[in-house]
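Let me begin by presenting the structure, written as structure tokens, before commenting on it.
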Amino acid sequence: MRKNYEEISLQSDVFEAARKDFDRLLQKLFRTMENNESKEGSITLKVNVQTEKTPARDEHGVYFEAHKPTIEHVITTTVPLKDKANGKKNTGMNLVWDGGAWKIHPAVRARRGPEKHV
């Protein structure tokens, strides 16, 4: 007797495209990690399922309400890339609000006269 149903599991035909996409992106993840000399990466498979109620007819012609699933997969990969540049510059200049914008001007040190002791 031929079975008139399909089991839904990750190994079933329903997920064939998801498995192929996962395998392809897994290989790409390894290449990206190698190219970027990264020691870590991740791959995530997310499955969204929606059902729609529609009228259908069974093998005896009797109408019933069928629950038809739509299964969507989303696969994402992540390779953390850290890129950073640091710098510091002491301008030695005076920051002044000048005509609607901040500008830096040479800082002229005031000459100090002799200190007076009282």
Side-chain angles (χ1 to χ4, degrees):
M1 185 163 128
R2 193 178 136 225
K3 65 180 188 175
N4 191 20
Y5 62 91
E6 180 181 343
E7 303 248 354
I8 295 182
S9 72
L10 198 52
Q11 289 78 31
S12 66
D13 290 345
V14 171
F15 289 102
E16 181 179 357
R19 288 191 310 270
K20 286 181 179 180
D21 288 344
F22 187 93
D23 289 345
R24 180 178 50 81
L25 288 174
L26 182 61
Q27 293 302 311
K28 187 175 179 182
L29 172 65
F30 289 135
R31 274 193 312 276
T32 303
M33 289 174 62
E34 180 70 23
N35 292 341
N36 293 300
E37 298 178 2
S38 180
K39 293 182 181 179
E40 61 184 83
S42 66
I43 186 166
T44 304
L45 168 62
K46 180 180 179 186
V47 177
N48 297 315
V49 179
Q50 294 179 337
T51 58
E52 178 184 351
K53 294 179 183 179
T54 60
R57 211 183 306 192
D58 68 11
E59 63 271 5
H60 305 291
V62 177
Y63 283 97
F64 68 99
E65 191 173 70
H67 301 269
K68 294 184 176 181
T70 300
I71 301 170
E72 174 189 20
H73 69 274
V74 178
I75 302 169
T76 56
T77 61
T78 305
V79 177
L81 297 176
K82 296 180 181 175
D83 196 5
K84 186 176 181 179
N86 288 344
K88 186 175 184 178
K89 169 76 172 150
N90 182 348
T91 65
M93 300 183 84
N94 186 30
L95 183 63
V96 177
W97 179 257
D98 184 12
W102 288 100
K103 299 178 182 176
I104 52 176
H105 295 273
V108 179
R109 291 186 180 233
R111 291 184 112 183
R112 295 176 90 187
E115 292 185 24
K116 295 183 182 177
H117 296 280
V118 180

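Residues: numbered from 1 along the sequence shown. Just so we're clear, the structure is a prediction, and the values are computed from it rather than from any experiment.
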Intermediate values then yes/no, side-chain contact (heavy atoms from CB on, under 4.5 Å), Val14 and Glu6: CA-CA 9 Å; Val14 171; Glu6 180 181 343; 3.7 Å; yes

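If you take CG on Leu10 and CD on Glu16, they are separated by 12.0 Å, rounding to the nearest 0.5 Å. Taking CZ of Phe22 as the reference point, atom CD of Gln27 lies at 10.5 Å (rounded to 0.5 Å). Note that OG1 of Thr32 and CG of Leu81 are 8.5 Å apart. Values are rounded to the nearest 0.5 Å. Atoms CG and CD1, from Leu29 and Ile43 in turn, are 6.0 Å apart once rounded to the nearest 0.5 Å. Interatomic distance, Met33 CE to Glu40 CD, rounded to the nearest 0.5 Å: 7.5 Å.
Residues Leu25 and Val74 do not share a hydrophobic cluster, defined by chaining ILVMFWY side chains whose heavy atoms lie under 4.5 Å apart. Linking ILVMFWY residues whenever their side-chain heavy atoms come closer than 4.5 Å, directly or via other members, leaves Ile104 and Val96 in distinct clusters. A single hydrophobic cluster is seen to contain both Val47 and Ile75, as judged by linkage of ILVMFWY side chains at heavy-atom distances under 4.5 Å, directly or through other members.
Closest approach of Ile8 and Phe15 over heavy atoms only: CG2-CE1, 3.9 Å. The two atoms that bring His73 and Asp21 nearest to each other are NE2-OD2, 2.7 Å, heavy atoms only. Shortest non-hydrogen contact noted between Pro80 and Gly41 is CD-CA, 4.4 Å.
For the pair Lys20 and Asp23, the salt-bridge criterion is not met [side-chain N within less than 4.0 Å of a carboxylate O].
Looking only at distances, no side-chain donor or acceptor of Arg19 sits under 3.5 Å from a matching main-chain atom of Asp13.
The side chain to side chain contact (heavy atoms under 4.5 Å, CB included) with Ser42 is formed by just one residue from the set Thr78, Thr77, Thr76; it is Thr78.
Applying the side-chain hydrogen bond (donor to acceptor under 3.5 Å, both in side chains) rule to pairs touching residues 50-66 yields Arg57-Tyr63, sequence neighbours excluded.
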